[in-house]
Amino acid sequence: MTESLTLDTAPHKLAEQRCSDAMRLGKDTVDLRRVKCDPNYWYPVAWSHELKKGKTIATRFAGQPIALVRPQEGSVFALEDRCAHRQVPLSKGRVEGEAVQCCYHGWAYGRSGRCIDVPYLGKGKLPNGVRTYPCREVEGLIFVFPGDAEKAETTPFPKLGSVADPAYKTRRFGEKVKCHYSFMHENLMDMNHQFMHSKQMGKMKPRYLGGENEPRMVEARYSFARVGGKQPWGEALIFGERRDASAKFAHRDVMTIRTVYPYQTLHIRTEDEPPVMDLWIVYVPQDEDHLTCRVFGLLSIRRPKLKGALELAWPLLVGFTNRIFAEDREIVELEQNAWRELGGDRNQEVFPVINALRDLLRRAGIQPDSAAAE
Ligand code: FES
Ligand SMILES: [Fe+2]
């Protein structure tokens with residue numbers, strides 16, 4: 001069922017909102033920053049280019065160490081990154097044919113995780129192996145299914161924006177950010193924070209057009225008007241030049257942001273045309289407490305009619321998006337620091353979309369058990 005999300009700014013409505021926030025901060029409400037990601041989804045854990053043929057690398061999902069192995073022949077596979085013998089990382093080992101051999105005493109494991117050789121024991125009495133993770137490599141990303149492996153086949157694989165469409169050029173980006181993934185979802189969905197980016201973007205006034213709220217999805221739509229400052233290069237490239245957009249909302253470009261658990265998307269389109277920009281992004285928890293995440297983003301820009309123009313302007317676009325992302329990263333890490341110092345979430349949220357998003361992330365995630373929540 002879809003519920004529409006509207007923004008009523010009448011004073012009594014805002015007072016009600018504040019009241020409901022006070023209730024949200026009550027004892028019965030689970031602190032969102034203690035909610036963990038549901039592992040029963042496909043999550044990227046590395047970029048394809050990080051893993052060369054015949055090599056293995058270490059990666060992680062929410063404190064679980066994972067070794068990715070790319071044999072000389074055949075597809076990538078993923079094993080628990082602990083040798084069954086003495087628990088040292090298998091990612092320190094070497095790839096031999098279709099197996100990885102531990103660096104310490106040479107136990108070897110195949111793609112099923114079974115131990116297939118102990119050099120000093122013979123093949124008759126092989127010990128147990130290690131856990132294996134369902135693994136897929138798609139569009140330059142290596143995904144694993146860290147939850148119940150039996151659910152992997154029936155869990156829909158995410159649609160990765162416009163990355164496979166040759167009409168688009170895609171920037172693959174991401175780095176580690178020291179915050180709970182929920183801060184990242186909130187940051188992208190709440191476009192009122194354009195205020196912070198005014199140095200990069202000029203003064204932009206976002207206008208909230210409406211949104212949707214479904215059991216697994218929250219959507220927000222915005223349009224923007226420039227109310228001061230020059231249009232930056234990077235933005236002109238994405239949106240096109242806007243000599244006329246000085247004061248009034250043009251309503252031409254609509255930005256739609258969705259959290260479709262656990263992923264997030266953002267696209268910008270003008271009326272019925274295909275999106276000029278299409279972003280797919282996910283924030284993968286690194287440590288068991290979920291206080292650091294690794295971002296995997298696919299930012300696809302539609303190629304303009306003028307051939308080669310996008311390639312030429314690409315370094316500018318990369319610089320522009322890096323500067324925006326650096327500002328976002330700094331602010332979400334500061335939010336996380338405040339949470340740490342205050343011992344919990346004191347946020348007073350007034351925007352219905354963000355409250356709907358927080359409810360979704362709470363519902364869909366793994367809540368702490370009551371003893372741990374105290
Ligand atoms: S620790 Fe891996 S073979 Fe001994
Ligand atoms: Fe931002």
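This is a predicted model, so every value here is computed, not measured.
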With rounding to the nearest 0.5 angstrom, report the [atom1] to [atom2] distance, [X] to [Y].
{"X": "Asp359", "Y": "Ile354", "atom1": "CG", "atom2": "CD1", "answer": "11.5 Å"}
{"X": "Leu79", "Y": "Leu90", "atom1": "CG", "atom2": "CG", "answer": "6.5 Å"}
{"X": "Leu360", "Y": "Asn355", "atom1": "CG", "atom2": "CG", "answer": "12.5 Å"}

Report the C-alpha distance between Met277 and Leu299 in whole Å, list the side-chain angles of each, state the deciding distance to 0.1 Å, and finish with yes or no for side-chain contact (heavy atoms from CB on, under 4.5 Å). CA-CA 7 Å; Met277 179 182 140; Leu299 176 68; 3.5 Å; yes
For a side-chain contact (heavy atoms from CB on, under 4.5 Å) check, start with the C-alpha distance between Asn347 and Arg358, then their side-chain angles and the critical distance, and finish with the verdict. CA-CA 11 Å; Asn347 288 6; Arg358 301 181 84 190; 4.0 Å; yes
Heavy-atom check, side chain of [X] versus side chain of [Y], under 4.5 Å:
{"X": "Arg303", "Y": "Glu311", "answer": "yes"}
{"X": "Met217", "Y": "Thr259", "answer": "no"}
{"X": "Pro368", "Y": "Lys36", "answer": "no"}

Side chain to side chain donor-acceptor pair (under 3.5 Å) between His197 and Glu327, worked out: CA-CA 7 Å; His197 293 307; Glu327 290 181 342; 2.6 Å; yes
Check against salt bridge (charged side-chain N to carboxylate O under 4.0 Å, His left out), Glu50 and Arg294: CA-CA 14 Å; Glu50 295 174 294; Arg294 185 172 174 194; 3.0 Å; yes
Chi angles and distances behind the side chain to side chain donor-acceptor pair (under 3.5 Å) call for Arg329, Asn187: CA-CA 9 Å; Arg329 188 176 59 181; Asn187 171 268; over 6 Å; no
Which heavy atom of [X] sits nearest a heavy atom of [Y], and at what distance?
{"X": "Pro127", "Y": "Cys115", "result": "O-CB, 3.5 Å"}
{"X": "Val118", "Y": "Leu126", "result": "N-CD2, 3.7 Å"}
{"X": "Arg60", "Y": "Pro65", "result": "NH2-CB, 3.9 Å"}
{"X": "Arg363", "Y": "Gln367", "result": "N-NE2, 4.3 Å"}
{"X": "Arg269", "Y": "Pro275", "result": "NH2-CD, 3.3 Å"}

Give the ring-plane orientation class for [X] versus [Y], where under 30° counts as parallel, over 60° as perpendicular and anything between as tilted.
{"X": "Trp47", "Y": "His49", "value": "parallel"}
{"X": "Phe143", "Y": "Trp280", "value": "tilted"}
{"X": "Phe61", "Y": "Tyr43", "value": "tilted"}

Residues [X] and [Y]: side-chain donor-acceptor under 3.5 angstrom:
{"X": "Tyr133", "Y": "Gln64", "answer": "yes"}
{"X": "Ser91", "Y": "Asp81", "answer": "yes"}
{"X": "Tyr120", "Y": "Trp107", "answer": "yes"}
{"X": "Arg111", "Y": "Thr132", "answer": "no"}
{"X": "Gln264", "Y": "Tyr283", "answer": "yes"}

Is it the case that the side chain of [X] and the backbone of [Y] share a donor-acceptor pair, with hydrogens and angles ignored and the cut-off at 3.5 Å?
{"X": "Glu98", "Y": "Glu96", "answer": "no"}
{"X": "Asp287", "Y": "Thr292", "answer": "yes"}
{"X": "Arg70", "Y": "Leu51", "answer": "yes"}
{"X": "Asp31", "Y": "Asp345", "answer": "yes"}

Would you confirm whether the ring centroid of [Y] sits within less than 6.0 angstrom of the ring centroid of [X]?
{"X": "Tyr261", "Y": "Tyr41", "value": "yes"}
{"X": "Tyr104", "Y": "His85", "value": "no"}
{"X": "Tyr208", "Y": "Phe351", "value": "yes"}

For the hydrophobic clusters of this structure (ILVMFWY residues joined by side-chain heavy atoms under 4.5 Å, transitively), does one cluster hold both Leu141 and Phe157? yes
Trace of the side chain to side chain donor-acceptor pair (under 3.5 Å) decision for Arg323 with Gln200: CA-CA 8 Å; Arg323 288 193 297 277; Gln200 304 303 331; 2.9 Å; yes
With side-chain contact (heavy atoms from CB on, under 4.5 Å) as the criterion, how do Ser300 and Thr170 come out once you've worked through the C-alpha distance, each side chain's angles and the decisive distance to 0.1 Å? CA-CA 4 Å; Ser300 301; Thr170 296; 2.7 Å; yes
Criterion side-chain contact (heavy atoms from CB on, under 4.5 Å) on Tyr181 and Val35, from CA distance to verdict: CA-CA 10 Å; Tyr181 61 91; Val35 173; 3.9 Å; yes
